[in-house]
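Worth saying up front: this structure is predicted, and the values here are computed from it rather than measured. Chain letters run A, B, ... following the sequence lines, proteins first, then strands; residues in each count from 1.
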Amino acid sequence: MIDRPHSLNRCPDGISGECFYQKDIDHELPSGLYTKQIFSESKNAYINYFICNGVEALLYMVNLGCIDMHPWHSRAGTLEYPDYAIIDLDPLGVGFEVVIKTALEVKKVLDELSCEGFCKTSGSKGIHIFLPLGAKYSYDIAFNFTKLLAGLVSQRIPDITSLERSPLKRPNRVYLDCYQNRMGQTIAAPYCIRPRKGAPVSAPLLWEELKKPLRPADFNMQNIFKRLKKTGDLWQKMPGKSINLEKILRNIKR
DNA sequence: GCGCATG
DNA sequence: CATGCGCATAAGCTC
DNA sequence: GAGCTT
């Protein structure tokens with residue numbers, strides 16, 4: 001989350017009350033906290049995005065009623081260049097075992113292309129797959145690369161996956177959502193608690209953990225620290241890494 | 001949670 | 001003075 | 001052209 005613009009998902013009345021999104025911070029911040037003006041094409045105006053620059057900033061968000069956190073994929077200093085590309089596996093009408101099956105197929109494709117990837121539960125129903133880019137490529141390139149990968153995956157398991165955006169056109173499928181790879185899009189940060197019953201968290205996983213009995217609710221506010229103690233912070237394997245896109249694209253042509 | 005407009 | 005409302009986004013769809 | 005989905 002550090003140094004990233006955030007969309008604030010505020011739930012001032014807790015998970016049973018109404019939540020709302022806020023991007024534009026219109027009030028003064030305590031010293032040490034800051035916003036960054038980022039131009040919005042649609043608004044044709046600047047938005048003061050909250051930049052989370054440390055623990056105090058995180059606590060400030062919590063105090064505004066934020067439960068789950070929604071950081072950008074790029075940091076304030078390199079806004080145009082995401083640190084990772086994301087494939088969001090989003091099931092519609094199928095169980096988590098099908099999401100696992102899909103994720104394993106993604107992993108297979110990644111392995112064949114010698115492309116490094118990391119995965120985590122979304123905290124709700126799906127799985128997020130991260131491909132480290134090291135702020136070397138644009139959002140546009142990240143978007144197109146994930147579309148290419150998603151195409152390869154859905155070719156192999158067309159019966160359980162779909163690339164269709166409309167829910168009507170992807171019944172009982174896992175949606176391979178590449179749409180997140182655009183500037184300003186966000187997904188729930190690793191380890192954040194989702195505002196749902198049971199307080200599930202988005203949990204980084206080892207690929208080897210993707211097998212049958214696993215369920216998203218296995219990871220929650222109550223037990224995540226015990227897991228952290230045991231596995232360490234799996235997400236710390238990500239920072240600083242980057243795939244070599246030129247090399248990987250050559251592997252596809254074969 | 002809070003500022004603002006409305007009645 | 002109580003009550004209600006807004007507080008996100010861009011683009012490709014379908015209707 | 002409005003409305004829905006992410």
Check the distance between [N]'s [atom2] and [X]'s [atom1] and give it to me in whole angstrom.
X        : N      : atom1 : atom2 : result
A:Asn63  : B:dG1  : CG    : P     : 8 Å
A:Leu163 : C:dC13 : CG    : C1'   : 15 Å
A:His27  : B:dG3  : NE2   : C1'   : 12 Å
A:Asn181 : C:dT9  : CG    : P     : 20 Å
A:Ile67  : B:dG1  : CD1   : P     : 11 Å
A:Phe50  : C:dA8  : CZ    : C1'   : 17 Å

From the set [options], return the single nucleotide nearest to any side-chain atom of [X].
X        : options              : result
A:Arg182 : D:dT6, C:dA11, C:dA8 : C:dA11
A:Lys169 : B:dG1, C:dT14, C:dT9 : C:dT14
A:Gln180 : D:dT6, C:dA8, C:dC15 : D:dT6
A:Asp13  : B:dG1, C:dT9, D:dT6  : B:dG1
A:Gln22  : C:dC7, D:dT6, B:dG1  : C:dC7

Does the ring centre of [Y] sit less than 6.0 Å away from the ring centre of [X]?
X        : Y        : result
A:Tyr21  : A:His70  : yes
A:Phe118 : A:Trp207 : no
A:Tyr84  : A:Phe130 : yes

Inset, instruction - Can you run through DNA chain C from 5' to 3' and write each base as (, ), [, ], | or . depending on how it pairs? Watson-Crick or G-U wobble, both distances under 3.5 Å. - result: |||||||..||||||
Legend entry - Greater than 12 external heavy atoms within 6.0 Å of A:Lys101's NZ: no
Legend entry - Crowding at OH, A:Tyr191 (>12 non-hydrogen neighbours, <6.0 Å): yes
Legend entry - Atom C1', compared across D:dG3 and C:dT9: separation rounded to whole Å: 16 Å
Legend entry - A:Arg75/A:Asp83 ion pair, N-O < 4.0 Å: yes
Inset, instruction - Look at A:Lys136 together with A:Glu246 and state whether they make a salt bridge at an N to O cut-off of under 4.0 Å. - result: no
Inset, instruction - Return the orientation label for the A:Tyr179 and A:Phe143 ring planes: parallel under 30°, perpendicular over 60°, tilted otherwise. - result: perpendicular
Could you run down the sub-3.5 Å N/O contacts of the protein with nucleotides 2-5 of chain D?
{"from": "D:dT5", "atom 1": "O2", "to": "A:Arg165", "atom 2": "NH2", "distance (Å)": "3.4"}

Legend entry - Sugar-phosphate only, base, or nothing, as touched by A:Leu64 at under 4.0 Å among non-hydrogen atoms: nothing
Inset, instruction - Report which part of the nucleic acid A:Asp88 touches: base, sugar-phosphate, or nothing (heavy-atom distance under 4.0 Å, all strands). - result: nothing
Legend entry - Per-pair stack call A:Phe20 and B:dG1, 5.5 Å, 30°: yes
Legend entry - Side-chain (A:Thr121) to main-chain (A:Ile127) donor-acceptor, under 3.5 angstrom: no
Inset, instruction - Taking side chain to side chain donor-acceptor pair (under 3.5 Å) as the test, write out the residues that go with A:Glu28, two or more places apart. - result: none
